[in-house]
Each structure stands twice: as structure tokens, then as C-alpha cells.
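Source: prediction; values computed, not measured. The figures that follow rest on heavy atoms only: side chains count, while hydrogens, waters and symmetry mates do not.
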Amino acid sequence: MTTTTAGRLAGKTAIVTGAGSGIGRAAALRFAAEGARVAAVDLDGAKADETRAAAGAGALALTVDVTDAEAVQAAVAQVTEAFGGVDVYFNNAGVPQAAKPFAETSREEWDRIIAVNLTALFTGVQAVAPVMREQGGGSVVVTSSIAATRPRPGIATYVASKAGVNGLVRALALELAPDRVRVNAIAPVAVRTPMLAQFAFADSEQATIERVEQTIPLGRLVEPEDIAAAALYLASDEARCVTGIILNVDGGRDL
């Protein structure tokens, strides 16, 4: 049995949503470094293009609203035409919730968070699963959150969206297993990205960081590269017998 330490996605094609910054950009660059042809998808086209440029020759940048089912279908079709298939779909795009009492959450905010964090997974897998089925398999990786199992006060809608993600991941893993399509999620604790401050757990970004770090046994935030490393494992053939799991990358927060 051999162990590979580089080129773990050589010859594979990966779509990464939310690739314009944070976890998505870190994953897109890590996938590219491991040999993948990467399609960087983001609502912000300029940010997606920055990731494409950093990923190197052969990468694509696509401006897509992941809540638009037709746009997602078109993006998957474009990538399939350009690269001949899709081996990895990293459903990473997401939105936070500014902490507030549940009674103060508007229906519009609820609908937006559920649409981006949960419904987009449904839409994305419906678009990509037929491509993976036809080519004999693939890997879907999803960014969930440790909040799904260890909620914090004030972010009930966000918690609900990620709990839904966990359930859908497990259901899809069972349904798509006969097609050799693996479906797994990563559950981070707070990650050092621009999104963190938007949760507004304290009066400033630094105060939010300090407050969150106090709840993490390892005493530090997760870095985007930590999630990218987990995504790489789940995307690669090293995880060929792994499906339906929620992989905590949380510094012990779930203990």
C-alpha cells in the first residue's frame, strides 16, 4: 500500500462555491496545488477571478448566485463542457447571522439564510449528481458548522440551516452510494474569515474572537487552511470508503 503526499487530486475537476475568500479560496488553492482543475464560483465575480488567478493556469472563475437553480445548473454544465466532468463539488458558500433574539429575526432573514446555507446544497447536488453518476462517481463536500450540534444563543436560524445540512448530507450519502457518489460535511468552529465579525457576538471583531476562543478547548480559532485540508481529504481517493460523516474541525468545541 502506497501513501501519496502530493497530487492527491491530479486529473480531477473540482467546483468550489464561495471561492472568492476565506474557506473557499483556501480550498480552491489547495485543490489546485494538489493537481485539480478548479472552477472558482462566487457571487462576487471579481473575487472569484482573484482566486482563479491565484490558482494558476487552467482554472475557471464563474459568477453564480447559488440560490439560483438555473444558474447553478448552467455553471455545472459549463465546467463539464470545459473539463469533461466534475469529480469534486465543494458546497461551501454560506452566510452568517448577526446574533439577536429569535423573536427579532425577520422572515426575510430566515428565508435568505436557509436559501444560501441549506437549499443551495439541494440545488447543487441536483445539478452535479447526474454528471458524477454518468462518470462513475464523485465526491460532494459541504461546509456545515459545529453550531448545528453545539448552538450559541442568538443564531437560531443559522443553527437550523446547518442542522438541516447535516441531515441532508447523511440522507444523500445513502441515496447516492450506489452511484459511488460520496457526500460528507465538515463542521468547523469559528474560522478566521471576514464572516466571523458578522456574527456580532461582541462589540468588535477582536472582542468576538476573544469571546469565541474562550469556548474552544484548544484555545484558538480555526484557520481557513485547516478546513481546506479536511476538504482535501474528503475530496480525495484517500477517503474512498468515507461517506455520510460530519467531520468536526472544532478545536474540541463539541466535547
Side-chain angles (χ1 to χ4, degrees), residues 3-45 47-64 66 72 75-94 120-121 124-125 127-129 131-132 135-144 169 180-188 191-193 195 222-240 242-243 245 247 249:
T3 301
T4 55
T5 57
R8 282 176 280 180
L9 297 183
K12 297 184 182 294
T13 296
I15 297 175
V16 181
T17 70
S21 64
I23 293 170
R25 177 170 290 182
L29 298 185
R30 184 67 188 273
F31 288 1
E34 292 285 346
R37 299 175 293 265
V38 173
V41 171
D42 203 277
L43 184 61
D44 186 330
K47 290 292 186 181
D49 198 55
E50 289 176 5
T51 299
R52 177 206 58 77
L60 290 178
L62 301 175
T63 305
V64 180
V66 294
V72 173
V76 170
Q78 183 176 343
V79 173
T80 301
E81 182 177 357
F83 296 139
V86 180
D87 302 286
V88 179
Y89 187 80
F90 186 14
N91 190 97
N92 167 72
L121 171 59
V125 174
V128 78
V131 178
M132 292 181 172
Q135 68 190 27
S139 175
V140 176
V141 184
V142 186
T143 300
S144 182
V169 161
R180 300 295 185 266
V181 176
R182 299 183 296 105
V183 187
N184 295 288
I186 302 166
V191 183
R192 196 185 305 276
T193 70
M195 186 183 293
V222 171
E223 302 295 337
E225 291 75 18
D226 297 321
I227 308 305
L232 172 63
Y233 165 67
L234 292 173
S236 75
D237 290 340
E238 293 172 12
R240 63 189 178 186
V242 178
T243 196
I245 72 163
L247 177 59
V249 183

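For N92, the side chain to side chain donor-acceptor pair (under 3.5 Å) partners at least two apart in sequence or on another chain are T143. Residues meeting the side-chain contact (heavy atoms from CB on, under 4.5 Å) test with A33, sequence neighbours left out: none. Scanning for side-chain contact (heavy atoms from CB on, under 4.5 Å) contacts around A231 gives F31, F90, V141, I186, with sequence neighbours left out. Under the rule for a side chain to side chain donor-acceptor pair (under 3.5 Å), S139 has no partner lying at least two apart in sequence or in another chain. In this structure, the salt bridge (charged side-chain N to carboxylate O under 4.0 Å, His left out) partners of D237, at least two apart in sequence or on a different chain, are K12. In this view, R37 satisfies the salt bridge (charged side-chain N to carboxylate O under 4.0 Å, His left out) rule with no residue, not counting sequence neighbours. Qualifying side-chain contact (heavy atoms from CB on, under 4.5 Å) partners for A120, counting only residues two or more places apart in sequence or in other chains: V66. The side chain to side chain donor-acceptor pair (under 3.5 Å) search around N91 returns none, not counting sequence neighbours. In this structure E223 satisfies the side chain to side chain donor-acceptor pair (under 3.5 Å) test together with R192, sequence neighbours excluded. Listed by chain and number, the residues in a salt bridge (charged side-chain N to carboxylate O under 4.0 Å, His left out) with R182 amount to none (sequence neighbours excluded). Annotation: side-chain contact (heavy atoms from CB on, under 4.5 Å) contacts of R25 (sequence neighbours excluded): L29, K47, E50, T51.
The heavy-atom pair separating V249 from A230 by the smallest distance is CG2-CB, 4.0 Å. Nearest heavy atom pair, residue A32 against residue A55, reads CB-O, 3.6 Å. Of all non-hydrogen atoms in R52 and L60, the two that sit nearest each other are CG-C, 3.8 Å. Minimum interatomic distance between A127 and V72 (heavy atoms only, all atoms of both residues): CB-CG1, 4.0 Å. Nearest heavy-atom pair, P188 versus I227, reported as atom, atom and distance to 0.1 Å: CB-CD1, 3.6 Å. In terms of heavy-atom proximity, A185 sits nearest to L234 at O-CD1, 4.2 Å.
Rounding to the nearest 0.5 Å gives a distance of 9.5 Å between OG of S144 and CG of L121. Residue Y233 holds its OH atom at 8.5 Å from CG of N184, rounded to the nearest 0.5 Å. Within the model, atoms OG of S21 and CG of D42 stand 6.5 Å from one another, a figure rounded to the nearest 0.5 Å. Once rounded to the nearest 0.5 Å, the distance linking OG1 of T63 with CG of L43 reads 8.0 Å.
Between the side chain of D87 and the main chain of G138, no donor-acceptor pair closer than 3.5 Å is present. A distance-only check finds a donor-acceptor pair linking the side chain of E34 to the backbone of G7 [under 3.5 Å]. Remark: the backbone N or O of V41 is not paired with any side-chain donor or acceptor of T17 at under 3.5 angstrom.
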> What's the verdict on side chain to side chain contact (heavy atoms under 4.5 Å, CB included) for V183 and V125, showing C-alpha distance, side-chain angles and the deciding distance?
Replying inline: CA-CA 9 Å; V183 187; V125 174; 5.6 Å; no

>> Does V79 form a side chain to side chain contact (heavy atoms under 4.5 Å, CB included) with V76? I'd like the steps, not just the answer.
In response: CA-CA 5 Å; V79 173; V76 170; 5.9 Å; no

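Contact check for V140 versus V142: side-chain heavy atoms found under the 4.5 Å cut-off.
Within the structure, no pair that satisfies the side chain to side chain donor-acceptor pair (under 3.5 Å) test touches residues 76-86, not counting sequence neighbours.
Using a cutoff of 4.0 Å between basic side-chain nitrogens and carboxylate oxygens, E225 and R30 are not scored as salt-bridged.
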